Amino acid sequence: MAWPIAEEAITDFFGTNIFPTTLTMVDLGCCSGPNTLMLVSNLIKQVEYQIFFNDLHGNYFNTIFRSLPSFLQHLKTQIGADFGPCFFNGVPKGMENNKGNIFMGSTSSRSVLEANYRQFGKDFSMFLRCRAEELVVGGRMVLTIPGRTMEDPSNKECNYVWGFLNSALNISMVVEEILEEEKVNSFNVPSYMLSVLELKVEVLTEGSFTINHVEVSRIDWSFYDIVDNGYDFVKYVRSVVEPLLIHHFREAIIDELFCRYRKIVADHISKEKIESVNLTVSLTKINGEN
């Protein structure tokens with residue numbers, strides 16, 4: 001869904017008089033599966049790219065690098081042997097008590113919601129400043145990030161993933177005394193799903209970029225094999241959050257936790273339509289020394 005926006009940004013950049021001989025692409029939050037290299041293959045043209053992969057330390061980067069020989073052979077088959085040099089680099093690596101929640105839930109206090117938004121604003125502003133330092137003036141950046149369409153940041157629209165995980169931890173494992181309630185209460189997911197308006201405000205306030213356009217896309221969870229009781233979706237969530245859970249709890253409970261999580265997901269998908277919201281924004285750098 002987001003690819004046409006990225007393609008448009010690249011095509012538009014080709015039309016400027018500042019197009020360089022080398023392009024650098026960074027995949028912030030790359031996976032260890034085929035999707036990472038699939039995006040690279042869509043971007044590579046008759047120019048030189050520098051490719052950087054970045055994610056949590058728990059990502060098994062060796063999987064990506066073992067895939068490179070077959071990936072390069074696939075490129076040769078598709079666009080010929082003379083597609084230019086290709087370099088790959090792997091880049092390693094205030095909330096008050098929110099009792100009963102591991103995220104911004106419907107029972108979270110207003111102060112918790114405000115604290116999350118303040119922290120998001122600081123982090124996102126720093127992210128934009130860092131990216132601005134890497135881009136030339138007129139350079140393009142396309143971001144696809146989790147978001148929401150509702151005004152309330154604690155609305156279930158943007159908290160299905162964490163709400164179900166919260167149920168698996170608090171309602172399931174704490175009640176059965178597999179985990180200590182105090183331990184679960186001290187765990188908070190560092191996630192804020194922003195609205196379109198908040199996205200625009202944050203970008204314009206930081207000041208390094210102008211917004212070309214923003215699009216909202218919805219991902220129906222039924223896309224993940226419901227016949228298999230949401231197994232694929234649970235694998236996707238586990239790949240993202242497992243390093244955080246292991247660090248806070250212990251590795252021994254992870255399999256049991258996601259077994260319970262899968263049952264909760266399957267039960268809800270069978271009863272209601274569940275969607276995740278993504279925001280894709282196309283930006284152009286307007287300030288800076290580069």
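Note that the structure is predicted; figures quoted are calculated from it, not measured. Positions are given from 1 along the sequence. As a basis for the values below, the full set of heavy atoms in this structure was taken, side chains included, without hydrogen atoms, waters or symmetry mates.
- To the nearest 0.5 Å, the span separating CD1 on I145 from CE on M193 amounts to 10.0 Å.
- The main-chain N or O of Y236 is found under 3.5 Å from a side-chain atom of S239 such that the two form a donor-acceptor pair.
- Looking at R148, its side chain does come within 3.5 Å of a backbone N or O of E151 through a donor-acceptor pair.
- Taken from OG1 in T205 to CD in E198, the straight-line distance is 11.5 Å, to the nearest 0.5 Å.
- Cluster annotation: I178 and I171 are assigned to distinct hydrophobic clusters (Ile/Leu/Val/Met/Phe/Trp/Tyr, side-chain heavy-atom contacts under 4.5 Å, transitive).
- For S154 and S108, the side-chain atoms include no donor-acceptor pair closer than 3.5 Å.
- Among all heavy-atom pairs drawn from M141 and L135, the shortest one is CB-CD1, 4.1 Å.
- Residues L194 and L279 meet the side-chain proximity criterion, which asks for heavy atoms closer than 4.5 Å.
- Considering OG of S282 and CZ of F209, their distance stands at 11.0 Å, rounded to 0.5 Å.
- Put simply, the side chain of D267 does not reach to within 4.5 Å of the side chain of V265, judged on heavy atoms.
- Tested against V237 for a side chain to side chain contact (heavy atoms under 4.5 Å, CB included), the candidates V234, V241, V240 yield a single pass: V241.
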Q: Could you give me the CA-CA distance, side-chain angles and deciding distance for T284 and I211, then say whether side chain to side chain contact (heavy atoms under 4.5 Å, CB included) is met?
A: CA-CA 7 Å; T284 298; I211 299 174; over 6 Å; no
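- Within 6.0 Å of the NZ atom in K200, the count of heavy atoms belonging to other residues, nucleotides or ligands does not exceed 12.
- A distance of 7.5 Å separates OG of S217 from CD1 of I5, quoted to the nearest 0.5 Å.
- Under a 3.5 Å cut-off, the side chain of K285 and the backbone N or O of A132 do form a donor-acceptor pair.
- Clustering ILVMFWY residues whenever any of their side-chain heavy atoms sit less than 4.5 angstrom apart, transitively, puts I246 in the very cluster that holds L257.
- You'll find the side chain of T280 stays beyond 4.5 Å of the side chain of L143, heavy atoms only.
- With sequence neighbours left out, D123 forms a side chain to side chain contact (heavy atoms under 4.5 Å, CB included) with Q119.
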Q) Between L169 and V174, does a side chain to side chain contact (heavy atoms under 4.5 Å, CB included) hold up when you go through it step by step? A) CA-CA 6 Å; L169 285 166; V174 169; 5.6 Å; no
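- Under a 3.5 Å cut-off, the side chain of E202 and the backbone N or O of L199 do not form any donor-acceptor pair.
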Q: Report the C-alpha separation of R250 and L179 in whole Å, then their side-chain angles, then the decisive distance to 0.1 Å, and conclude whether the side chain to side chain contact (heavy atoms under 4.5 Å, CB included) test is met.
A: CA-CA 10 Å; R250 58 184 187 275; L179 291 173; 4.0 Å; yes
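- In this structure, W162 and S191 have side chains that are in contact, with non-hydrogen atoms separated by less than 4.5 Å.
- To the nearest 0.5 angstrom, E181 atom CD is 5.0 Å from N185 atom CG.
- When atom types are taken as modelled, the side chain of N166 and the backbone of G100 share a donor-acceptor pair closer than 3.5 angstrom.
- Remark: the backbone N or O of V216 is not paired with any side-chain donor or acceptor of N278 at under 3.5 angstrom.
- No more than 12 heavy atoms of other residues, nucleotides or ligands sit less than 6.0 Å from atom CD of E180.
- Within the structure, the ring-ring contact (aromatic ring centres under 6.0 Å, His included) test picks out the following pairs touching residues 169-201 (sequence neighbours left out): Y117-Y192, F120-Y192, F187-H248, F187-F249.
- Checked by atom type, the side-chain pair T149/R218 shows a donor-acceptor distance below 3.5 Å.
- Nearest heavy-atom pair across I264 and A168 is CD1-N, 3.6 Å.
- At least one side-chain heavy atom of L245 sits less than 4.5 Å from a side-chain heavy atom of F258.
- Of all heavy-atom pairs spanning V281 and L283, the tightest one is CG2-CD2, 3.4 Å.
- The structure places CG of L165 at 9.0 Å from CZ of F103, a figure rounded to the nearest 0.5 Å.
- Residues E134 and R131 form a side-chain contact, since some pair of their non-hydrogen atoms from C-beta on lies under 4.5 Å apart.
- A 4.5 Å side-chain heavy-atom check between E272 and I274 finds at least one atom pair inside the cut-off.
- Judged by distance alone, with hydrogens and angles left aside, the side-chain atoms of E206 form a donor-acceptor pair with the main-chain N or O of S208 at under 3.5 Å.
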Q: Go through D255 and R238 one step at a time and tell me if the side chain to side chain contact (heavy atoms under 4.5 Å, CB included) criterion holds.
A: CA-CA 10 Å; D255 286 341; R238 181 171 179 170; 2.7 Å; yes
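- Considering only heavy atoms from C-beta on, V203 comes within 4.5 Å of L128 through its side chain.
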